[in-house]
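Below: one structure, written as structure tokens.
Counting starts at 1 for both ligands and their atoms, in listed order. FYI, the numbering just counts along the sequence from 1.
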Amino acid sequence: MENSILWNNFLDVIKSKISSVSFDTWFKETKLIKNENNKLLIQVPMSFHKKFLNETYYDLIDEILVGITGNSFDLDFIVEEEIKDSDNEIDEKNIDTTYSNLNSNLNSKYTFENFVIGESNRFAQTAAVAVAEQPGKIYNPLFIHGKSGLGKTHLMHAIGNYVINNSEKKVLYVTSEEFIADFIGINKKENNNFDIVDHFKEKYRNIDVLLIDDIQFLGGAEKTQHEFFHTFNTLYDSNKQIIISSDRSPDDLKLLEDRLRTRFRWGLTVDIFPPNFELRCKILKDKMVGHEVANLVKNEVIEYIATNCENDVRHLEGAITRLYAYAAIMCPKEINLDFAVEALKDYIGKSIYITNNITKIQKAVADYYNITIEDLKSKKRHANISYPRQIAMYLSRMTTEETIVKIGLEFGNRDHSTVLHSCEKIAKELNNNEKLKNKLKEIKNKIVN
Ligand code: ADP
Ligand code: MG
């Protein structure tokens with residue numbers, strides 16, 4: 001039985017046997033990556049899953065697999081990073097290449113529908129939709145660049161999925177590493193097996209839309225660059241769409257041949273930037289929906305995560321996975337800030353969070369605004385004191401372990417509702433005030449640890 005079929009069967013069965021929270025938390029993101037000599041290697045999102053699945057679900061998994069296949073298996077769990085680190089990488093590649101002959105290598109979970117749009121990615125998203133609607137016609141090639149975790153791969157798959165769902169066109173998604181692997185594959189056998197050469201050419205040159213992810217890894221491989229150049233030309237000349245992603249702009253791809261870089265500039269180059277606070281909140285909300293405990297999550301939790309996971313979307317997703325995993329164990333009545341802080345204590349803001357205390361924040365804010373800590377604690381209501389006070393309360397709430405009550409006490413014995421009000425006000429303002437956001441960043445950097 002094909003790995004994916006076996007595993008999908010398994011997932012269907014286990015889904016009916018455990019709660020949907022448990023399923024979503026422990027099994028939804030798993031994948032069977034190797035099945036050899038009755039040993040199954042199962043990919044899981046975090047090492048936390050490895051431990052938990054081994055301790056809690058091993059017997060149930062085994063029982064279900066026996067039910068499906070008649071065999072008992074040894075189970076081994078592995079996290080994605082470990083696969084990348086180990087030489088076993090080839091196993092995953094093998095699966096991908098066999099599959100790519102049959103289909104497009106596309107992951108159906110990445111679509112335009114679930115790509116959340118904000119200022120930082122709107123241009124890239126719009127260009128991606130345009131290309132998906134009119135492949136080969138308007139922007140060719142489309143070059144998407146941006147730092148890791150900002151949605152390049154997601155957008156590429158979304159384009160591919162859109163094309164295969166709305167046309168008869170042939171799509172192929174590969175990472176540049178897979179492209180190299182395919183190429184090396186033919187190189188080895190070049191002298192005695194022309195079928196494979198033809199096969200490579202057919203695979204890459206007979207398609208309508210070619211998506212090559214992470215082109216920066218093509219850097220060192222000169223022969224492959226050469227082949228890619230020809231593949232590019234063949235496709236381009238016959239108006240086939242090419243979409244390329246990279247962690248840097250064409251100009252910064254120093255290891256690529258000039259003629260390739262020049263080609264990349266023929267089309268449209270779009271940049272994806274890190275999401276701002278507002279988009280981070282939007283993405284978090286979007287990704288939390290649908291989970292059984294989603295309606296237990298308080299808004300303050302979203303703000304807390306959005307404040308502390310600033311750089312990329314993968315980081316936000318990791319926070320949700322951990323939050324939900326913790327919720328599956330603790331079964332809380334509501335997922336509030338305290339719960340989130342506990343659930344994510346090893347994951348986010350370690351340096352800010354653990355070492356911060358209210359006094360340090362007060363000092364940083366007071367210095368920044370040229371007032372004193374006493375001012376912050378005083379009853380003074382003038383805006384040049386009360387505004388910094390609200391900021392200091394907000395930072396205390398978001399980056400320390402203290403309760404609202406304690407924060408109130410530290411700010412001249414104020415009521416907890418005053419603290420809440422201040423935090424909400426600042427959080428709201430952060431939604432559309434980039435200046436304030438930068439100020440907070442500066443202040444955070446000034447907090448002495
Ligand atoms: P990159 O390829 O740029 O490193 P990915 O496309 O792999 O980033 O994105 C990392 C994760 O973040 C993926 O799970 C992806 O679905 C998610 N993601 C990124 N941007 C968005 C977005 N705007 N809306 C929804 N999910 C996103
Ligand atoms: Mg990627």
Does any non-hydrogen side-chain atom of Tyr324 lie less than 4.5 Å from one of Val297? yes

Hey, would you say the Phe183 and Phe228 ring centroids sit under 6.0 Å apart? no

Is the distance between the ring centroids of His157 and Tyr173 less than 6.0 Å? yes

Examine Leu150 against ligand 1 and note whether any of their N/O atoms are separated by less than 3.5 Å. yes

Reference residue Arg397; test side chain to side chain donor-acceptor pair (under 3.5 Å); the match among Glu300, Glu424, Glu402: Glu300

Give the ring-plane orientation class for Phe232 versus Tyr236, where under 30° counts as parallel, over 60° as perpendicular and anything between as tilted. parallel

Answer yes or no: does atom NZ of Lys50 have more than 12 heavy-atom neighbours from other residues, nucleotides or ligands under 6.0 Å? yes

Just wondering, more than 12 heavy atoms not from Glu55 lying within 6.0 Å of its CD? yes

Taking [atom] as the reference point, the nearest protein heavy atom with its distance:
| atom | value |
| --- | --- |
| atom 4 (O) of ligand 1 | Gly149 N, 2.6 Å |
| atom 2 (O) of ligand 1 | Thr153 OG1, 2.7 Å |
| atom 11 (C) of ligand 1 | Glu317 OE1, 3.2 Å |
| atom 18 (N) of ligand 1 | Val313 CG1, 3.2 Å |
| atom 8 (O) of ligand 1 | Gly151 N, 3.1 Å |
| atom 23 (N) of ligand 1 | Val116 O, 2.7 Å |

To the nearest 0.5 Å, tell me how far Asp208 CG sits from Ser238 OG. 9.0 Å

Counting heavy atoms only, which of Arg314, His154, Gln125, His157 comes nearest to atom 7 (O) of ligand 1? Arg314

Of Met156, Lys152, Lys287, the residue with the heavy atom nearest atom 3 (O) of ligand 1 is Lys152

Report the part of Asn121 in contact with ligand 1, treating N, CA, C, O as backbone and CB onward as side chain, heavy atoms under 4.0 Å; options are side chain, backbone, both, neither. side chain

Which of the ligand 1 atoms, numbered from 1, are nearer than 4.0 Å to a heavy atom of Asn114: 24 (N), 25 (C)

Taking N, O or S atoms only and a limit of 2.8 Å, check whether Thr153 reaches the Mg ion (ligand 2). yes

